[in-house]
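Heavy atoms only: backbone and side chains are in, while hydrogens, waters and symmetry mates are out.
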Amino acid sequence: MPPGQDAAEATKLLFAHIENHTPWNARVTLEQVGQGQAFQADTSSPAYASMAEAMEVAYPGQEMQTAGLGGSIPLCNTLASLYPEAEILLIGLSEPEAQIHAPNESVSPEELERLSVAEAHFLVNYARSKQV
């Protein structure tokens, strides 16, 4: 769902399209399980600049990249509406056995180490930038 598009309206349009274009007398049952509005982070914020610096420490010789991806955590929009001045940046660390997204998901120990280093550097850099 692209930011700025209403999720409920997009769902209605998608369901109508599927129902109107179901081929060969096939029967289709559609069920909406959940829904959240898209979130777009401000990648020009000081928090992102601090994270970019931290990622360069954790991943020497590589510049941090950003990409628009599907899926959104509804909490982000809630926090943004409650705290409009907040900078929202999500980073997740979990050990390989956590399986937070799927039963066969794992994370390499090297990735955990690098992300831990990045998060630590981010916290120090960002705290210093806010003291000025």
Side-chain angles (χ1 to χ4, degrees):
M1 183 64 49
Q5 185 171 8
D6 181 65
E9 181 63 22
T11 301
K12 260 181 22 182
L13 292 170
L14 176 62
F15 279 25
H17 177 80
I18 293 170
E19 289 165 350
N20 293 329
H21 293 87
T22 302
W24 306 299
N25 295 320
R27 283 181 258 154
V28 176
T29 302
L30 302 170
E31 178 183 352
Q32 183 176 335
V33 176
Q35 182 173 279
Q37 297 297 329
F39 173 76
Q40 183 171 352
D42 178 5
T43 58
S44 66
S45 71
Y48 268 79
S50 290
M51 182 55 81
E53 291 174 22
M55 288 291 206
E56 287 179 26
V57 172
Y59 297 87
Q62 298 181 47
E63 188 176 318
M64 185 176 82
Q65 303 293 311
T66 59
L69 300 175
S72 189
I73 299 173
L75 175 62
C76 293
N77 284 321
T78 301
L79 291 173
S81 65
L82 292 172
Y83 306 99
E85 300 300 316
E87 296 177 77
I88 299 174
L89 186 103
L90 300 176
I91 183 170
L93 301 174
S94 64
E95 53 86 26
E97 298 299 317
Q99 300 176 354
I100 61 174
H101 294 111
N104 61 350
E105 178 187 49
S106 65
V107 180
S108 76
E110 180 186 350
E111 188 71 8
L112 285 172
E113 180 181 356
R114 287 178 184 256
L115 286 174
S116 297
V117 167
E119 189 168 349
H121 279 273
F122 164 76
L123 291 171
V124 170
N125 292 343
Y126 191 65
R128 285 185 185 147
S129 76
K130 291 299 182 183
Q131 292 176 350
V132 175

Side chain to side chain contact (heavy atoms under 4.5 Å, CB included) between D42 and Y48: does it pass, once the steps are laid out? CA-CA 8 Å; D42 178 5; Y48 268 79; over 6 Å; no
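The pair E111-R114 does not meet the salt-bridge criterion, since no charged nitrogen lies less than 4.0 angstrom from a carboxylate oxygen.
Follow the hydrophobic side-chain contacts under 4.5 Å out from V124 and you never reach M55; the two are in separate clusters. Residues L115 and L123 share a single hydrophobic cluster, defined by chaining ILVMFWY side chains whose heavy atoms lie under 4.5 Å apart. Both Y59 and M51 sit in one connected hydrophobic cluster of ILVMFWY residues. Membership requires side-chain heavy atoms under 4.5 Å apart, directly or through other members. Hydrophobic clustering (ILVMFWY, side-chain heavy atoms < 4.5 Å, transitive): L75 and F39 are in one cluster.
Counting heavy atoms of neighbouring residues, nucleotides and ligands inside a 6.0 Å radius, atom CD of E19 exceeds 12 of them.
To the nearest 0.5 Å, atoms CG (N77) and CD1 (I88) are separated by 7.5 Å. Note that CG of L89 and OG of S50 are 9.5 Å apart. Values are rounded to the nearest 0.5 Å. In this structure, the separation between CD1 on I18 and OG1 on T29 is 11.5 Å, given to the nearest 0.5 Å. In this structure, E113 CD and S108 OG are separated by 9.5 Å, a value rounded to the nearest 0.5 Å.
Between P3 and Q40, the closest heavy-atom pair is CB-OE1, 3.4 Å. Contact record, Q35 with A7: OE1-O, 3.4 Å, taken as the closest heavy-atom pair.
In this structure a side-chain-to-backbone donor-acceptor pair under 3.5 Å is missing from Q32 to L30. Between the side chain of N125 and the main chain of E53, no donor-acceptor pair closer than 3.5 Å is present. Under the 3.5 Å distance criterion, the side-chain polar atoms of E56 are left unmatched by any main-chain donor or acceptor of M64. Counting only distance, with no hydrogens or angles, the side chain of E87 and the backbone of A47 share a donor-acceptor pair below 3.5 Å.
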